[in-house]
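Everything below concerns the one structure shown next.
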Number of protein chains: 2
Amino acid sequence: MAHALSLAQNEIADDDALARDVLGQVAGRWSLGVLCVLAEAKGPIRFSRVLDGVDGITAKVLTQALRQLERDGFATRTIYAQVPPRVEYALTELGLELIEHVDPLTRWATRRAKDFRAARARFVR
Amino acid sequence: MAHALSLAQNEIADDDALARDVLGQVAGRWSLGVLCVLAEAKGPIRFSRVLDGVDGITAKVLTQALRQLERDGFATRTIYAQVPPRVEYALTELGLELIEHVDPLTRWATRRAKDFRAARARFVR
DNA sequence: CGGTATCCCACAAGATACTG
DNA sequence: CAGTATCTTGTGGGATACCG
């Protein structure tokens with residue numbers, strides 16, 4: 001259910017809600033993987049290279065993920081008017097910050113993997 | 001699509017994959033909210049109280065969220081054999097650690113909310 | 001009280017084909 | 001090359017009703 005019926009389209013007034021929304025997007029299946037490929041590139045990188053770098057993603061889904069990263073300010077999109085077309089994506093400062101803040105969490109989760117495995121084994125019932 | 005056809009049910013062999021899977025679950029719409037209510041309780045808390053504490057959640061979805069938190073070792077479930085039934089949930093050490101590691105990320109995102117808003121306003125095209 | 005059982009829908013994501 | 005268009009499907013989540 002939408003919370004703010006009075007707001008046009010997708011505007012989110014509350015900062016907390018906006019932050020949750022953005023993190024929710026980032027938590028999606030592909031965003032972080034794409035972001036990491038952009039980070040590893042250490043500079044502008046073409047659509048096809050990103051496509052190669054993210055295992056299992058399709059062009060359609062990659063396009064959507066990149067658009068959303070661009071929308072939230074985590075990546076830039078630069079189109080070069082040439083044939084064949086060239087489009088390059090790059091991580092922004094904000095995107096780098098995001099990665100830096102997500103990293104400790106994923107590291108912790110990886111360290112704790114054994115505990116997760118044990119908990120899941122204990123469960124089942 | 002399942003990635004590991006050779007594995008029974010839902011087993012995940014790789015630690016990194018398991019960590020991603022767990023974080024993926026946590027990133028779901030309700031898990032963090034539920035976790036926070038358990039944390040605020042500072043002790044065992046009944047199903048109904050959790051239901052009250054998480055705004056907008058339904059009993060079915062809360063049950064699913066709690067089961068998953070229990071499965072991954074973030075919460076415990078204790079049933080008291082009495083009428084009417086009483087079931088209490090509590091945060092585990094692992095659950096507390098999770099919250100402590102997620103918190104910096106959400107704080108950062110809230111601090112950066114203005115940037116997200118600006119980026120989204122800039123976008124649209 | 002603390003759930004299940006059903007039914008339903010929205011939406012993310014996949015497959016495939018096509019285009020500027 | 002870097003996308004769109006279209007169709008399909010899986011799954012999270014919602015509404016409601018019922019049960020031990």
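Order of the sequence lines fixes the chain letters, A, B, ..., with proteins taken first and strands second; residue numbering starts at 1 for each chain. If you're wondering where the values come from, they're calculated on a predicted model, not measured in any experiment.
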For [X] and [N], give me the distance from atom [atom1] to atom [atom2], rounded to whole Å.
| X | N | atom1 | atom2 | result |
| --- | --- | --- | --- | --- |
| A/Gln64 | D/dT6 | CD | C1' | 13 Å |
| B/Trp30 | D/dG12 | CH2 | C1' | 11 Å |
| A/Ile57 | C/dA12 | CD1 | C1' | 12 Å |
| A/Gln25 | C/dA12 | CD | C1' | 11 Å |
| B/Arg86 | D/dG20 | CZ | C1' | 18 Å |
| A/Leu66 | D/dG3 | CG | P | 8 Å |
| A/Arg49 | D/dG3 | CZ | P | 13 Å |
| A/Phe47 | C/dG20 | CZ | C1' | 15 Å |

With a 4.0 Å cutoff (strictly under), does any side-chain N or O of [X] reach OP1 or OP2 of [N]?
| X | N | result |
| --- | --- | --- |
| B/Arg29 | D/dG14 | yes |
| B/Tyr89 | C/dG3 | yes |
| B/Arg77 | C/dG3 | yes |

Check the orientation of A/His101 and B/Trp108. Use parallel for under 30°, tilted for 30 to 60°, and perpendicular for over 60°.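 Parallel, since the angle between the ring planes stays under 30°.
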Which of the following nucleotides, [options], is nearest to the side chain of [X]?
| X | options | result |
| --- | --- | --- |
| A/Arg46 | C/dG3, C/dC1, D/dC1 | D/dC1 |
| B/Thr63 | C/dT4, C/dC1, C/dG20 | C/dT4 |
| B/Arg67 | D/dT4, C/dG3, D/dG14 | C/dG3 |

Verify the ring-centre separation between B/Tyr89 and B/Phe74: is it less than 6.0 angstrom?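 No, ring centres 6.0 Å or more apart.
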Does a donor on one side chain and an acceptor on the other come within less than 3.5 Å for A/Ser31 and A/Gln25?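 No donor-acceptor contact under 3.5 Å links the two side chains.
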Hey, are the side chains of A/Trp30 and A/Val54 touching, using non-hydrogen atoms and a 4.5 Å cut-off?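 Counting from C-beta outward, A/Trp30 and A/Val54 do come under 4.5 Å.
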Counting heavy atoms not belonging to A/Glu93, are there more than 12 under 6.0 Å from its CD?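 Count not over threshold, so no.
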Under 3.5 Å, is there any donor-acceptor pair linking the side chain of A/Lys60 to the base of D/dG3?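 Per atom types, no contact qualifies.
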